[in-house]
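A short write-up of the structure that comes next.
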Amino acid sequence: MTRLIKIEDMNMDSSELDRLLLDPAQVLSANGTVAFPTETVYGLGANALSEEAVFKIYEAKGRPSDNPLIVHISKIAQLNELVLDIKPYALELMSAFWPGPITFVFRKNALVPSKVTGGLDTVAIRMPDHVIALRLIELSGVPVAAPSANLSGKPSPTKAKHVIEDLMGKVDFIIEGPDAQVGLESTVLDVTGDIPVILRPGKITVEMIAGVVGSCLVDPAITEGDVEGLAPRSPGMKYKHYAPEAEVEVVIGEASKIILAFEKAVDSAIEQNDRLGIMGFEEDLLVLEKILQTKYDLKDIKKHVFLCSHGSVKNMEEFARQLFQNLRRCDEAKCGKIIIRGVSEAGIGHAIMNRLKKAASGKVTRI
Ligand code: AMP
Ligand code: MG
């Protein structure tokens, strides 16, 4: 049975928060599973030092056992029991970005079960920037292994209702908090070598990291994922992640060309009696709607077209925040196909496009 608690007020008194978190924290210390909000996406947590606890995460999510988990901590001091060595530049990065949406990969200490790391000799660690997550970890008294709280293969959950849809009945506790503010999983950064290497792009970008420590590389497998023999060093990246059930196509180009591509996709959806999901910027969708209204009856538009907004073209962070929930909404709306406007890979666009390419199984068209 899954117990639920709602904690929506992020400014509540700390003693009231502690009172609410007491039960889920005890569940974590007793090797149970708790889904909780973070600033990136919702996480499904368990005691990272217990094989038995960690096994429950893999089981609930249906996650392949070679896909390692991120261990969440609430204090830097917890690193000592988890990792072998910390480079001075990694300390600088931690003080610049923690708590926050970046995970560091260190050489692991013997205390960390190999189940947590998918058999690797490294461990991924993050301190989330979220009052509920931090306090929950602290009260549990253990480091908390927590991958995204979705069924394996589904888009990561950015709202409590996504977690309930995927994991109700499969975990011990779900904390229903506010929507995730970042909306994409953390940047994963390998800090075991002399220069940091991005293994998974996220909100903290290569430029931001290089801005602190002078240089930062990007794992070539991220950009050239289909080059033979180039296995991603971040194991999770090889799985077909973030995939909605519909066929997905990503289009990149000028607004006028994108709107034309959307219009053509609507024409063929109506012709083939299919339902099309369209994900574009608010500005694109306003123009598209006007065009469609001159060509089709409102009832046909409603039947065949499902519009989802990325937010304004001026706000890439909003695009990141809306992305996974829009993919889920298109599935719920039973879209057979989804056409999505992509962006350039600058700044957070790098992370957005990384997730979109996965959702589209690499199908990106420049128009
Ligand atoms: P999730 O929390 O579901 O986003 O998954 C965690 C992801 O972090 C994994 O899929 C990996 O891509 C990455 N990760 C975790 N541990 C390691 C590690 N030791 N080395 C490299 N990447 C890791
Ligand atoms: Mg995940």
Side-chain angles (χ1 to χ4, degrees), residues 33 35-46 48 54 57-73 79 82-85 90 101-109 111-128 130 133 143-158 162-163 166-167 171 180 182-193 196-204 217-219 221-222 225 231-244 320 323-324 327-328 351 354-355 358-359:
T33 47
F36 58 94
T38 84
E39 83 280 30
T40 56
V41 300
Y42 272 72
L44 174 59
V54 165
I57 294 180
Y58 285 96
E59 207 176 39
K61 283 182 55 97
R63 184 176 175 104
S65 62
D66 64 344
N67 189 357
L69 309 178
I70 294 172
V71 178
H72 291 69
I73 59 175
L79 277 180
L82 302 169
V83 312
L84 280 186
D85 63 332
I102 182 163
T103 297
F104 298 103
V105 173
F106 300 94
R107 285 177 57 218
K108 89 173 186 74
N109 185 309
L111 267 184
V112 180
S114 68
K115 244 197 178 66
V116 171
T117 66
L120 298 170
D121 58 3
T122 52
V123 60
I125 303 186
R126 183 167 97 87
M127 188 189 292
H130 198 283
V144 176
S148 49
N150 52 292
L151 287 176
S152 208
K154 288 255 195 176
S156 292
T158 56
H162 303 153
V163 181
D166 280 14
L167 297 178
V171 299
V182 177
L184 298 179
E185 307 87 345
S186 58
T187 305
V188 176
L189 190 74
D190 182 348
V191 292
T192 59
V197 184
I198 291 188
L199 305 182
R200 176 175 76 184
K203 183 177 179 191
I204 307 293
L217 303 173
V218 178
D219 181 7
I222 294 176
R233 284 162 63 198
S234 185
M237 304 288 287
K238 73 174 186 248
Y239 293 104
K240 187 177 180 239
H241 250 172
Y242 325 112
L323 175 58
F324 287 144
L327 290 175
R328 281 184 183 250
N354 171 263
R355 307 316 192 264
K358 285 178 172 294

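In listed order, ligands and their atoms are each counted from 1.
Near Thr122, with a cut-off below 4.0 Å to any heavy atom, the atoms of ligand 1 are 18 (C), 19 (N), 20 (N). Shown in contact with Ile70 at under 4.0 Å from a heavy atom are these atoms of ligand 1, numbered in order with element: 2 (O), 6 (C), 8 (O). For ligand 1, the atoms closer than 4.0 angstrom to any heavy atom of Leu120 are 18 (C), 19 (N), 20 (N). Ligand-side atoms of ligand 1 in range of Asn67: 9 (C), 10 (O), range being under 4.0 angstrom from any heavy atom.
Not a single heavy atom of Lys108 lies less than 4.0 angstrom from ligand 1. For the ligand labelled ligand 1, residue Thr117 lies outside the 4.0 Å heavy-atom shell.
Residue contacts with ligand 1, taken as heavy atom pairs separated by less than 4.0 Å, do not involve His72 at all. Residue Leu199 touches ligand 1 through its side chain alone, judged by heavy-atom distances below 4.0 Å.
Thr158 pairs by the side-chain hydrogen bond (donor to acceptor under 3.5 Å, both in side chains) definition with nothing, not counting sequence neighbours. Taking Leu217 as the reference, Ile195, Val197 meet the side-chain contact (heavy atoms from CB on, under 4.5 Å) condition, with sequence neighbours excluded.
Remark: side-chain polar atoms of Thr187 are paired, donor with acceptor, to backbone N or O of Ile204 under 3.5 angstrom. Put simply, the side chain of Asp166 gets close to the backbone of Leu151: a donor and an acceptor are under 3.5 Å apart. Judged by distance alone, the side chain of Lys115 and the main-chain N or O of Ser65 form no donor-acceptor pair under 3.5 Å.
Taking backbone and side chain together, Ser148 holds an N, O or S atom under 2.8 Å from the Mg ion (ligand 2).
Every N/O-N/O distance between Glu185 and ligand 1 stays at or above 3.5 Å. Considering both main-chain and side-chain atoms, Lys61 never comes within under 3.5 Å of ligand 1 through any nitrogen or oxygen pair.
Here the closest non-hydrogen pair linking Phe36 and Ala146 is CZ-CB, 3.8 Å.
With no hydrogens or angles considered, no side-chain donor-acceptor pair links Ser186 and Thr40 at under 3.5 Å.
The side-chain contact (heavy atoms from CB on, under 4.5 Å) test with Val54 is passed by exactly one of Leu69, Thr117, Val71, Val112: Leu69.
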